[in-house]
Structures are given as C-alpha cells and as structure tokens.
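We're numbering straight along the sequence, starting at 1. Counting convention: from 1, in listed order, for ligands and their atoms alike. The basis for the numbers below is simple: all heavy atoms, side chains too, and nothing from hydrogens, waters or symmetry mates. Keep in mind that what you see is a predicted model, and the values were worked out from it rather than measured.
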Amino acid sequence: MELPFSESFRIKMVEPIRQSSRAEREAWLKEAHYNVFQLRAEQVFIDLLTDSGTGAMSDRQWSAMMMGDESYAGARSFFKFKDTVTRITGFPYVLPTHQGRAAENVFFSATVHKGDVVPGNSHFDTTKGHIESRGALALDCTIDEAKNTQLEIPFKGNVDPKKLEAALNEYKDRIPFIIITCTNNTAGGQPVSMQNLRECYALAQKFGKRVVIDSARFAENAYFIKTREKGYESKSIKEICREMFSYADGMTMSAKKDAIVNMGGFFATKHADWYDAAKVFCIVNEGYITYGGMNGRDMEALAVGLDENTEFDNLYTRIHQVQYLGAKLDEYGIPYQRPAGGHAIFVDATRILTNVPKEEFPAQTLTVELYLEAGIRGCEIGYILADRDPETKQNRFGGLDLLRLAIPRRTYTDNHMNVVAAALKNVFDRREQIKHGVKITWEAPIMRHFTVQLERL
Ligand SMILES: *Cc1c(COP(=O)(O)O)cnc(C)c1O
C-alpha cells in the first residue's frame with residue numbers, strides 16, 4: 001500500500017498547554033475587552049493568533065545560536081546572515097532590522113513621502129500603516145477574483161496588471177515603487193504566480209519604476225509556484241526563489257515568518273542608492289548596519305532558518321497541515337477562503353454569521369465565539385483590521401471579513417487541528433442563534449485591531 005503522509009521532523013522538546021473551563025474564558029475575555037490580543041497566552045489552549053515568530057526552531061538553529069558573534073561592528077554572524085540572504089535572493093545589499101515592520105520603516109523613511117502612491121496587491125496592515133502615516137496612499141490592485149472566497153484559482157494573490165497599468169498612468173510621478181506581497185496575506189495567504197511577477201516587473205520597467213517584494217512568506221509562495229505553475233515542477237525551491245527575486249529591485253522581510261525565527265527581519269536590494277539612503281534610517285532607528293535590530297545569535301539562527309525553509313520537505317510538511325485543516329472544514333461545510341492558503345485558513349465570517357450586521361463586525365464576533373468555545377485564539381482579518389478611511393473617517397466595509405486561523409510552523413500536530421475544526425463546527429452549528437456582534441468602545445487612530453476595546457451587544 002502507498003505510505004501515508006508524515007512530518008519531515010521528529011520532536012525533541014515539548015511545551016505543556018492546558019485547557020480551561022468556559023466560565024474561566026468568559027471572565028478572561030471580558031477583562032480583555034473582547035480583544036484576543038489582550039489575553040494572556042496562558043489563557044489560550046491552541047494559539048492560532050499568528051504564525052509570526054511562533055514557529056519551533058530546529059536543533060541546527062539552536063546550535064547556530066551558540067556561534068553568535070556579538071561584535072558591535074562587522075560581526076562574523078552578520079556576514080553569514082548576509083551571504084545567505086544574497087545566495088537565496090540575489091540581492092547584494094542587506095540591512096538587518098528587528099522585524100518586518102522595522103524594515104518597512106527604514107526603507108520607507110528613505111523613499112515614501114507625503115502625496116505619494118504605492119500600488120501593489122493587498123498591503124499588509126503594517127505596510128499600509130507605514131505608507132498612510134507618511135501621508136501617502138496604499139493602492140490595492142489585487143485581482144477582483146480574490147474577493148470571491150469560494151472561487152478556486154491557483155494564484156489568487158496576483159496583482160491585476162490592468163489596474164497596475166492604470167495606476168502607473170494616473171500617478172506617474174507620485175509612485176516611489178510598486179510593492180508586491182508574496183504570499184498575499186490580507187487576501188488569504190494566496191500566492192502570486194511567477195508569470196504575474198514577471199509581467200508586473202516588465203510594466204514597472206516600462207514606466208521607469210522599481211518593484212519591492214514584501215517577502216514575509218516568499219518560500220511558501222515558491223512552494224505554490226512549484227506545485228501549481230506550469231514549467232516549475234522540477235525546479236528546486238531555491239531556484240524558484242532566485243527567479244522570483246530577479247523580478248524585483250528590493251525586498252522587505254519579516255524573518256518571523258519564513259525564516260522561522262522568533263524575532264528578526266531585513267531590507268535587501270540590488271541598488272546601492274536605495275541601500276545608502278536606507279542605512280541612515282537603520283542606524284537612527286535600529287542599530288549599526290551590521291546588526292540592525294538583531295543580536296549576532298539571532299542572525300545565525302535566521303541564516304539557518306532561511307536555508308532550511310527554502311527546502312521542499314519543510315514547506316510540504318507545513319502546507320500539508322494547513323490543507324489538512326481546510327479539508328476538515330470542508331467535511332463540516334464551513335466556508336473559508338478557497339483554496340487553502342500557505343500559512344492559514346481564513347474562515348468567511350460573513351457567510352456564517354449571517355444574522356450579525358457588518359456594523360457589528362461578524363469576523364470579530366466569530367473570533368470571540370471560537371475562543372469561548374474551546375480556548376482557541378484566532379485573529380480577525382476584516383473590518384476592524386481595515387481601519388477607518390483616512391479622509392472620510394468611516395469604517396471600511398469594502399473588503400473581506402475573515403477569521404484567520406494562522407498555523408505556527410512545526411508547533412502543533414494534526415490532532416490539534418482536529419480540535420480546532422471540531423470547536424469551529426460547534427460554533428457553526430449554532431450560528432443561527434448568534435444575532436448580535438460587538439461594538440467598539442475605544443480605538444487607536446491607525447492599526448486599531450491590536451488595542452481596540454469592544455463590548456458584546
Ligand atoms: C508580518 C508581516 C509584515 C510585518 O512584519 P513584522 O515582523 O510583524 O513586523 C509585513 N508584511 C507581511 C506580508 C507580513 O506578513
């Protein structure tokens with residue numbers, strides 16, 4: 001018989017987790033103002049808030065940490081890190097930062113100014129925040145198909161080249177660069193095809209513009225290219241990565257995702273002028289240019305993590321688990337953004353809680369219900385995350401309203417996924433009785449979802 005799937009690792013260290021009672025969770029969540037970011041992690045049984053910085057490092061990464069060179073300038077660990085980034089991406093100039101948004105801050109400080117327009121596919125919330133807080137506009141040119149959660153197409157994260165070309169024509173002089181997020185997190189962890197990257201790069205060159213890849217999950221994106229795009233079946237993940245980055249001028253990276261470290265990030269580019277402009281902001285905001293926001297040991301672990309996670313087996317194990325959870329939800333008829341993405345399942349809250357009006361935030365309501373049901377922490381990726389329109393100050397209800405179940409890398413087993421699916425089914429089965437959502441009682445002017453305070457209606 002054919003052998004079944006199994007993980008490409010075995011487990012050397014474990015961390016106990018504890019289930020709680022519903023009464024405990026009711027009290028804890030009330031105290032947290034119905035915002036799961038405000039819970040203590042110990043009050044959570046299975047934590048699918050994010051896959052960012054929550055993965056399990058390998059024995060090789062832990063052992064590399066012992067080799068950290070903590071010299072202030074010119075540390076050996078920096079060169080190991082930089083050479084690995086250059087080998088995988090082709091970019092010779094590398095600035096370390098403490099995480100992805102810090103890379104955005106360092107690079108955008110040098111390049112994004114008031115009145116600018118930065119087109120791309122869906123901008124991640126910190127990316128949007130760093131653009132809008134500089135008085136610029138983050139213009140979403142994602143393909144329309146991404147909005148239909150039930151449509152199964154292989155590269156639902158793509159940029160619409162027609163929208164991009166229209167933006168390039170309309171805002172010519174106001175565009176500092178185009179930013180393409182791989183995979184497209186906001187649209188559901190959906191990949192961008194090589195064909196699309198190639199086409200966008202050609203368009204950018206036609207208009208004399210540069211392209212940046214927001215690369216948090218570039219390796220997962222490469223996995224989807226290998227498994228879904230014609231002509232890439234027999235290419236290695238590393239070959240695919242090199243080609244992806246050949247259609248870009250630079251990258252911002254949250255290493256907490258696809259480099260499987262708990263903290264770290266970087267900006268990398270092929271242009272000396274961008275590097276020279278950004279390094280000033282690195283020194284002011286992060287640290288000297290050979291450590292940025294990281295310790296020597298962090299850069300060691302990052303280098304090993306990047307190398308490991310651009311190998312097929314590791315990515316196959318991970319994405320298989322995401323697809324396993326998706327298949328369970330299929331079994332129960334629970335709608336989610338199709339097909340399953342690379343790092344998470346995005347449950348379509350507006351199709352489940354049909355009695356909760358959009359003004360009462362269905363996805364946040366579903367997040368609350370899932371936590372109360374079984375101590376599982378997901379994350380609203382919807383109307384609260386979308387913030388208010390900076391001009392009209394109105395809530396933005398134009399996008400999707402999803403509950404994201406983000407799966408940390410190498411952390412949970414498929415049994416945990418069974419519990420998540422069963423808990424969600426229990427909420428799904430009583431969806432008709434859920435008629436009221438939540439109301440905002442306090443919010444920050446930008447990136448409100450982290451600190452928003454809510455009341456149950
Ligand atoms: C996580 C993420 C960021 C920001 O990175 P942090 O390390 O959280 O600061 C930027 N873009 C995308 C697509 C991300 O997923």
Quiz item: Do the two ring centres, one from Tyr93 and one from Trp274, sit under 6.0 Å apart?
Solution: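 No: the rings miss the under 6.0 Å criterion.
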
Need the ligand 1 atom indices (1-based, order shown) with element for anything under 4.0 Å from a heavy-atom of [X].
| X | answer |
| --- | --- |
| Lys256 | 7 (O) |
| Asp214 | 10 (C), 11 (N), 12 (C), 13 (C) |
| Thr181 | 13 (C) |

Quiz item: Side chain, backbone, both or neither: which part of Arg101 has a heavy atom under 4.0 Å from ligand 1?
Solution: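 For Arg101, the contact with ligand 1 is made by both the backbone and the side chain.
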
Practice problem: Among Ile376, Val368, Thr367, find the residue that satisfies the side-chain contact (heavy atoms from CB on, under 4.5 Å) test when tested with Val36. | Solution: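 Passing option: Thr367.
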
Quiz prompt | Residue among Asp160, Asn158, Ile143 satisfying side-chain contact (heavy atoms from CB on, under 4.5 Å) with Asn196 | solution =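 Among Asp160, Asn158, Ile143, the one meeting side-chain contact (heavy atoms from CB on, under 4.5 Å) with Asn196 is Asn158.
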
Quiz item: Purely on distance, is any nitrogen or oxygen of Thr126 under 3.5 Å from one on ligand 1?
Solution: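 Between Thr126 and ligand 1, no N or O pair is found under 3.5 Å apart.
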
Self-check item: Any N or O of Gly100 closer than 3.5 Å to N or O of ligand 1
Solution: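 The answer is yes, given that Gly100 and ligand 1 share an N or O pair closer than 3.5 Å.
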
Exercise. Kindly assign one of parallel, tilted or perpendicular to the pair His449 and Phe37, based on the angle between their ring planes and the thresholds 30° and 60°.
Key: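 Judged by the thresholds at 30° and 60°, the geometry between His449 and Phe37 is perpendicular.
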
Quiz item: Which is closest to atom 14 (C) of ligand 1 by heavy-atom distance: His123, Glu104, Arg217, Lys257?
Solution: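 Among His123, Glu104, Arg217, Lys257, the closest heavy atom to atom 14 (C) of ligand 1 comes from Lys257.
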
Practice problem: Applying salt bridge (charged side-chain N to carboxylate O under 4.0 Å, His left out), name anything that partners Arg228, two or more places apart in sequence or on another chain. | Solution: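 With sequence neighbours excluded, Arg228 shows a salt bridge (charged side-chain N to carboxylate O under 4.0 Å, His left out) to no residue whatsoever.
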
